[in-house]
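Please read all numbers here as calculations on a predicted model, not as lab measurements.
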Amino acid sequence: MENKNKLMCYEKYGDEDKPIIVFLHGAFFVHTFGRQYLLSDRYQIIVPHIMGYGNNTESVFEAEKAVAQIIELIRSFNQKVTLVGFSLGAQLACKIVAEYSSLLNGAIIVSPLILKDENVLQLCQRQTLKQLKTMKNKNLCKIIGLMNGLPAKQRKEFVGQMQNVQEETIINSVDNKICFETIKGFANTEIPMLAIAGEKEGEEVKRSVTLLGQCNKNCRVEIWKKAKHNIPPVHYKRFNNVLCEFINKA
């Protein structure tokens, strides 16, 4: 079910009397966590449409503003939440953990790119702009949604939403200024955290995850064998089990 506060659209699944998970999606895919929606029988699931994406494409993505919107949404629930982010959402989650950990029970950070020099940024920007161009083709977009494990309903929404994503949003999402130098508060965060990457992801992503664990003793690290940049939708059975176990312990 889609809702809207004064700043952003968001999806809500599950009853309001259940513990809250806030899922921060990756670039392009509002329904990155579509395979996790079935957990709404035990949790209240909140999926913000990060600015520039989904039904918030009237705005161009800016990291600081996006975080401010997410924080306002989290505060509106008047209780602590578990934060889960993937890719772009994982980078935003790192910033939120570093600056607003008092609002969280814990955080799961999947496939963040925190280590990035100019060469990495330029490569990622070329790749994502090429991907954006591909997704403007509705037929190809349907195939991409299917390959990324999106359920049928979310796949249809994804195709429509992608037609409105702006090029500037993609550029800003890649060069979002979120890196180890700008999330120094992460090292002192005392909430439980889990950082995950796939063994077939880029070295910068795997090293980013490893360094998150090295800089904070409360952040456990897992590198999943055979996984690519696709853990929540493709490896959802294992991920859902890990997520439930993490929340129960937290």
Side-chain angles (χ1 to χ4, degrees), residues 21 23-29 31-39 82-98 106-128 130-131 134-135 143-151 173-174 176 178-180 183 186-187 189 191-250:
I21 307 174
F23 286 107
L24 301 182
H25 62 79
F28 303 120
F29 298 97
H31 295 296
T32 296
F33 296 98
R35 298 295 189 190
Q36 282 67 58
Y37 296 172
L38 58 86
L39 298 177
T82 298
L83 188 66
V84 182
F86 172 75
S87 194
L88 172 62
Q91 294 175 55
L92 294 171
C94 287
K95 184 172 176 62
I96 291 170
V97 164
I108 298 180
I109 301 164
V110 187
S111 304
L113 179 59
I114 306 297
L115 282 173
K116 42 194 174 187
D117 58 23
E118 189 60 34
N119 290 333
V120 171
L121 287 174
Q122 289 182 6
L123 175 61
C124 289
Q125 193 170 102
R126 289 195 298 271
Q127 291 174 336
T128 51
K130 182 178 180 180
Q131 190 176 9
T134 299
M135 289 184 181
I143 295 171
I144 291 169
L146 183 64
M147 291 173 62
N148 280 271
L150 297 183
S173 296
V174 173
N176 55 40
I178 301 175
C179 58
F180 276 99
I183 57 167
F186 187 95
T189 301
I191 61 172
M193 293 175 285
L194 171 61
I196 307 173
E199 70 169 353
K200 295 185 178 181
E201 296 200 69
E203 290 301 318
E204 291 84 5
V205 172
K206 289 187 287 185
R207 288 198 296 125
S208 293
V209 163
T210 300
L211 282 174
L212 288 176
Q214 289 176 349
C215 78
N216 189 309
K217 59 182 175 52
N218 298 304
C219 184
R220 182 163 53 94
V221 169
E222 294 183 5
I223 306 296
W224 287 16
K225 292 184 177 180
K226 300 182 180 180
K228 300 179 182 179
H229 198 68
N230 57 11
I231 286 173
V234 176
H235 300 269
Y236 66 93
K237 291 182 179 179
R238 179 181 178 185
F239 185 71
N240 290 359
N241 288 334
V242 167
L243 174 57
C244 292
E245 182 180 323
F246 176 88
I247 292 176
N248 290 339
K249 288 183 178 179

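- When atom types are taken as modelled, the side chain of Asn176 and the backbone of Leu88 share no donor-acceptor pair closer than 3.5 angstrom.
- When Leu113, Ile223, Ile109 are each tested for a side chain to side chain contact (heavy atoms under 4.5 Å, CB included) with Val209, only one passes: Ile223.
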Verdict with reasoning, Ile114 to Cys94, per side chain to side chain contact (heavy atoms under 4.5 Å, CB included): CA-CA 9 Å; Ile114 306 297; Cys94 287; 4.0 Å; yes
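- Note that the CD1 atom of Ile183 and the CG atom of Leu92 stand 11.0 Å from one another [nearest 0.5 Å].
- When the side chain to side chain contact (heavy atoms under 4.5 Å, CB included) test is applied to Val242, the partners found at least two apart in sequence or on another chain are Leu194, Trp224, Arg238.
- The OG atom of Ser87 sits 11.5 Å away from the CG atom of Leu24 when rounded to the nearest 0.5 Å.
- Counting heavy atoms from C-beta outward, Thr189 and Asn218 have side chains that stay 4.5 Å or more apart.
- From Leu243, atom CG reaches atom CZ of Phe33 across 9.0 Å, with rounding to the nearest 0.5 Å.
- Residues meeting the side chain to side chain contact (heavy atoms under 4.5 Å, CB included) test with Cys219, sequence neighbours left out: Phe186, Met193, Ala195, Leu212, Asn216.
- Under the ring pair (Phe, Tyr, Trp, His ring centres under 6.0 Å) criterion, the residue pairs touching residues 229-250 are Phe86-His229, with sequence neighbours excluded.
- In terms of heavy-atom proximity, Val97 sits nearest to Ala107 at CG2-CB, 3.6 Å.
- Put simply, the side chain of Ser111 reaches to within 4.5 Å of the side chain of Glu201, judged on heavy atoms.
- Considering NZ of Lys226 and NZ of Lys200, their distance stands at 8.0 Å, rounded to 0.5 Å.
- Here the OG-CD distance, from Ser208 to Gln91, works out to 8.0 Å after rounding to the nearest 0.5 Å.
- Between Lys206 and Glu203 a salt bridge is recorded (basic side-chain N to carboxylate O distance below 4.0 Å).
- Listed by chain and residue number, Arg126, Gln127 satisfy the side chain to side chain contact (heavy atoms under 4.5 Å, CB included) test with Leu123 (two or more places apart in sequence, or in another chain).
- Summarising the geometry, atom CZ belonging to Phe28 is positioned 9.0 Å from atom OG1 belonging to Thr134; distances are rounded to the nearest 0.5 Å.
- Remark: Leu211 engages Leu115, Phe180, Gln214 in a side chain to side chain contact (heavy atoms under 4.5 Å, CB included) (not counting sequence neighbours).
- Between the side chain of Lys116 and the backbone N or O of Glu204, no donor-acceptor pair lies under 3.5 Å.
- Considering all non-hydrogen atoms of both residues, Gln36 and Pro232 come closest at NE2-O, 3.0 Å.
- For Glu199, there are no salt bridge (charged side-chain N to carboxylate O under 4.0 Å, His left out) partners two or more places apart in sequence or in a different chain.
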